[in-house]
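Worksheet: the structure to be examined is printed underneath.
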Amino acid sequence: MKILIVNPNTTASMTATIAAAARGAAAPGTEIVAVTSKMGPASIEGYYDEAISLPGLLAEIAEGEQAGVDCHVIACFDDTGLEAARCLARAPVIGIGEAAFHVASLLAHRFGVVTTLARSIAAIEGNLRRYGLDRRCAKVRACEVPVLALEDPGSKARDRIDAEIARAIADDGAEAIVLGCAGMADLAAALSRAHGVPVIDGVGAAVTLAEGLVRLGLRTSKISSYAAPRAKSYAGPIAGFAPPVAGKHDGEAP
Ligand code: 5HY
């Protein structure tokens, strides 16, 4: 099977960290194709970056569909454009945030989330409510390390994440930890050993769930909420994103 991993920010070095984590989780025979968005912000920190990253993300999903991938993974912890991608794609689409939340809720009564900046907390809390998993999350915390500083040894990112995990366990009653950024994917195993609780990286969780869906032969339901976008004209620089003639693969009359 072929799984497409899309990094919706435009930083290739971060895609390399994501690809290594994905390949580390993938079963033999699973091909991981990791791509970096060609247009948008260098990192996604908050609602504006998220909004501007959408065309680049959807363009990669469309290319993956053309290439016939078996499943798409959105490697941004805010699950950027997840629902729009599910409308566009026939193959299943998994967001690393949603995947990590579900895996954590299989392992612990309550889990904590440690993300990068405080400005990302509201979007993550909104996702938890939308997924119906907010009651399983003790708290969403921020380590106040910008996304791209995660790669910089001078940022003391590991120490700051460590400290937030300790507070999540001691003060919030978290029994498992979800790492709230794709750029933290390489830290999960060491942090889990250090704190003696499951520490979940969304990239690995998403790849594992993707393999399961493909093996079960399951795809996104296209009968309503995630039906293909209806044909209509789009104006301006994004006119090229106008959906193909609707109804081609969702049974709806054109
Ligand atoms: C991510 N931003 O996973 C999110 C994390 C965040 O560029 N990749 C990003 O802080 O919102």
Side-chain angles (χ1 to χ4, degrees), residues 4-22 25 34-61 72-82 85 93-104 112-131 137 139-152 155-158 160-161 164-165 168 177-188 191 199-207 209-210:
L4 177 72
I5 315 273
V6 182
N7 174 11
N9 73 39
T10 56
T11 302
S13 57
M14 196 164 158
T15 308
T17 302
I18 292 165
V35 298
T36 307
S37 180
K38 300 178 189 62
M39 55 179 147
S43 66
I44 296 168
E45 295 165 328
Y47 294 120
Y48 185 80
D49 290 343
E50 195 177 342
I52 302 297
S53 72
L54 292 179
L57 163 79
L58 295 171
E60 297 302 333
I61 299 284
H72 305 267
V73 169
I74 297 176
C76 178
F77 194 78
D78 311 333
D79 294 342
T80 304
L82 180 59
V93 184
I94 299 180
I96 65 169
E98 188 176 22
F101 300 149
H102 281 294
V103 167
V113 177
V114 177
T115 190
T116 54
L117 301 177
R119 66 175 56 217
S120 294
I121 292 176
I124 294 167
E125 290 174 342
N127 288 347
L128 282 160
R129 283 190 298 276
R130 212 166 62 246
Y131 305 149
C137 180
K139 187 173 178 153
V140 180
R141 289 175 167 272
C143 63
E144 291 308 333
V145 176
V147 170
L148 297 182
L150 291 169
E151 304 171 342
D152 165 13
S155 71
K156 297 206 175 333
R158 166 67 199 261
R160 299 181 75 133
I161 296 167
E164 284 307 320
I165 291 176
I177 299 294
V178 167
L179 296 178
C181 181
M184 297 175 183
D186 54 345
L187 300 174
L191 289 167
V199 175
I200 294 119
D201 145 52
V203 174
V207 166
L209 292 176

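Both counts, for ligands and for their atoms, begin at 1 and track the order of listing. All values below were derived from every heavy atom in this structure, side-chain atoms included, with hydrogens, water molecules and symmetry-related copies excluded. Residue numbers run from 1 in the order of the sequence given.
Put simply, the side chain of Leu179 reaches to within 4.5 Å of the side chain of Val199, judged on heavy atoms. Cys181 has its side chain within reach of Leu150: a pair of non-hydrogen atoms, C-beta onward, lies under 4.5 Å apart. Cys143 has its side chain within reach of Met184: a pair of non-hydrogen atoms, C-beta onward, lies under 4.5 Å apart. Using a 4.5 Å cut-off on side-chain heavy atoms (C-beta onward), Lys139 and Val113 make no contact.
Atom CZ of Arg130 sits in a crowded spot, with more than 12 heavy atoms from other residues, nucleotides or ligands closer than 6.0 Å.
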Walk me through it: do Glu164 and Arg141 pass the test salt bridge (Lys or Arg N to Asp or Glu O under 4.0 Å)? CA-CA 7 Å; Glu164 284 307 320; Arg141 289 175 167 272; 3.0 Å; yes

Nitrogen or oxygen contacts under 3.5 Å, ligand 1 side and protein side:
residue, atom, partner, partner atom, Å
ligand 1, 2 (N), Ile44, O, 2.6
ligand 1, 3 (O), Phe77, N, 2.9
ligand 1, 3 (O), Ala182, N, 2.9
ligand 1, 7 (O), Asn9, ND2, 3.0
ligand 1, 7 (O), Ile44, N, 2.8
ligand 1, 10 (O), Thr116, OG1, 2.4
ligand 1, 10 (O), Ser120, OG, 3.4
ligand 1, 11 (O), Ile44, O, 3.3
ligand 1, 11 (O), Asp78, OD1, 3.1
ligand 1, 11 (O), Asp78, OD2, 3.2
ligand 1, 11 (O), Ser120, OG, 3.1

